[in-house]
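See below for the structure under consideration.
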Amino acid sequence: METEKNISSDVAFSPSVKEIQTRKGSRRSYARVEERGWATAITPDLKDFIEKQISIFMATANKECQPYIQHRGGPPGFLRVIDKTTLGFADYIGNRQYITQGNLVDNAKAQLFLIDYGSRSRVKIWGTARVVEDDPALLEQLMPKGYQARPEQVILFHVEAWDANCPQHIPLRFEADEVLKAIESRDARIKELEAEIATLKLAKSSDVQ
């Protein structure tokens with residue numbers, strides 16, 4: 001029988017989850033995961049991954065436990081690492097439904113889901129979140145420079161645990177800007193090679209004459 005103790009993975013592995021893991025035969029391997037624990041602070045590698053993201057998903061739930069997932073996007077770095085346990089981003093004016101904000105009034109628990117299709121990586125971050133409406137200095141600090149959006153408020157996320165998943169079943173996709181840069185680089189190289197070929201042909205023609 002497992003000893004009750006507070007460990008970081010308990011944020012996901014509830015007693016019901018552990019019972020199912022036992023019944024389906026995966027509990028032993030996840031018990032070993034629990035022995036080393038999930039990280040509870042942002043590492044340099046995670047910081048680098050976070051600040052490259054241009055698209056994230058944030059999950060909240062209201063007091064009736066009804067879940068809601070909100071997409072947020074922006075240029076790389078729009079989701080900022082403030083310290084080892086705090087993330088933040090400027091929340092832009094959108095359709096003004098305020099479902100996430102209302103949920104956080106009732107229930108501060110939240111999760112961030114980050115997925116990078118190019119590297120086939122995904123990270124899940126559990127914690128709590130709150131909305132900051134009256135801090136213009138913080139809003140200016142977190143607003144990406146030159147980004148065409150109207151910031152309204154700030155969302156701060158306190159990290160309690162995080163885990164990275166394996167790449168299985170993540171489709172390999174690339175952002176349009178990355179593809180465009182690759183095509184432009186290829187086309188530029190083709191032009192260079194064509195110019196070199198033309199020069200070689202001219203030199204060969206001169207030698208023949």
Side-chain angles (χ1 to χ4, degrees), residues 12 38-39 41-60 67-84 86-101 110-127 129 131 138-157 159 161-202:
W38 284 353
I42 299 165
T43 62
D45 285 346
L46 180 60
K47 181 179 186 295
D48 182 63
F49 181 79
I50 287 171
E51 296 189 343
K52 288 179 180 177
Q53 301 312 301
I54 61 174
S55 179
I56 66 172
F57 297 92
M58 181 174 179
T60 58
Y68 179 71
I69 296 176
Q70 176 77 61
H71 172 264
R72 283 292 181 263
F78 86 94
L79 178 61
R80 194 82 55 82
V81 175
I82 297 175
D83 58 44
K84 289 186 177 181
T86 309
L87 304 174
F89 61 91
D91 195 26
Y92 316 131
I93 294 177
N95 57 19
R96 304 177 72 87
Q97 290 183 337
Y98 302 116
I99 298 174
T100 294
Q101 185 170 357
Q111 186 189 46
L112 294 177
F113 185 86
L114 284 56
I115 184 165
D116 187 312
Y117 293 98
S119 64
R120 300 179 71 216
S121 304
R122 55 186 167 184
V123 172
K124 301 173 292 187
I125 308 174
W126 286 265
V131 175
L138 181 61
L139 185 61
E140 182 179 3
Q141 174 190 341
L142 295 178
M143 182 63 192
K145 303 302 182 186
Y147 188 57
Q148 298 302 307
R150 290 188 297 159
E152 181 176 18
Q153 54 201 11
V154 165
I155 293 182
L156 294 179
F157 189 98
V159 177
W162 64 271
D163 184 43
N165 285 98
C166 70
Q168 189 176 21
H169 306 305
I170 300 177
L172 184 61
R173 296 176 180 170
F174 298 97
E175 297 297 331
D177 288 346
E178 295 175 347
V179 175
L180 182 60
K181 288 178 182 177
I183 292 173
E184 289 175 345
S185 176
R186 179 206 62 185
D187 290 347
R189 182 56 179 159
I190 288 173
K191 288 182 179 180
E192 290 177 2
L193 293 173
E194 288 175 341
E196 290 178 14
I197 290 171
T199 299
L200 291 172
K201 284 184 176 179
L202 182 61

Val131 vs Asp91 side-chain heavy atoms within contact, under 4.5 Å = no
Do the rings of Tyr147 and Tyr92 sit parallel, tilted or perpendicular, given the 30° and 60° boundaries?
-> tilted
Are the side chain of Trp162 and the backbone N or O of Ala41 linked by a donor-acceptor pair below 3.5 Å?
-> yes
What is the distance from atom CD1 of Ile42 to atom CD1 of Ile125, rounded to the nearest 0.5 Å?
-> 6.5 Å
Below 4.5 Å, heavy atoms only, C-beta onward: do Phe89 and Leu87 meet side chain to side chain?
-> no
Lys191 and Asp187: salt bridge (Lys or Arg N to Asp or Glu O under 4.0 Å), yes or no, with the steps?
-> CA-CA 6 Å; Lys191 288 182 179 180; Asp187 290 347; over 6 Å; no
To the nearest 0.5 Å, how far apart are CD in Gln111 and OG1 in Thr60?
-> 11.0 Å
Basic-acidic side-chain contact under 4.0 Å: Glu184, Lys181 = no
To the nearest 0.5 Å, what is the distance between CZ (Arg80) and NZ (Lys47)?
-> 9.0 Å
Nearest 0.5 Å, what's the NZ-CD1 distance between Lys201 and Ile197?
-> 6.5 Å
Of all heavy-atom pairs linking Phe78 and Arg72, the shortest is CZ-O, 3.6 Å
Between atom CZ of Arg122 and atom CG of Asp116, what is the distance when rounded to the nearest 0.5 Å?
-> 12.5 Å
Just wondering, more than 12 heavy atoms not from Glu51 lying within 6.0 Å of its CD?
-> yes
With a 4.5 Å heavy-atom cut-off, do Gln70 and Ile99 have their side chains touching?
-> no
For the residue pair Leu156 and Leu138, establish whether any side-chain heavy-atom pair is separated by less than 4.5 Å.
-> yes
Take atom CG in Leu180; do more than 12 heavy atoms of anything else shown fall under 6.0 Å from it?
-> yes
Are any non-hydrogen side-chain atoms of Gln101 and Ile155 less than 4.5 angstrom apart?
-> no
All heavy atoms of Ala59 vs all of Ile69, minimum pair found to be CB-CG1, 4.2 Å
What closest approach, in Å, do Phe157 and Ala129 show between heavy atoms, and which atom pair accounts for it?
-> CD1-CB, 4.0 Å
Do you see a donor-acceptor pair shorter than 3.5 Å between the side chains of Tyr98 and Glu152?
-> yes
In terms of heavy-atom contacts, Leu112 and Leu114 come closest through CB-CD1, 3.8 Å
Closest heavy-atom contact between Leu139 and Ala90?
-> CD1-CB, 4.0 Å
Would you mind reporting whether Gln53 and Leu79 have side-chain heavy atoms less than 4.5 Å apart?
-> no
Rounded to the nearest 0.5 Å, the CD1 atom of Ile190 sits from the CD atom of Glu192 at a distance of 10.5 Å
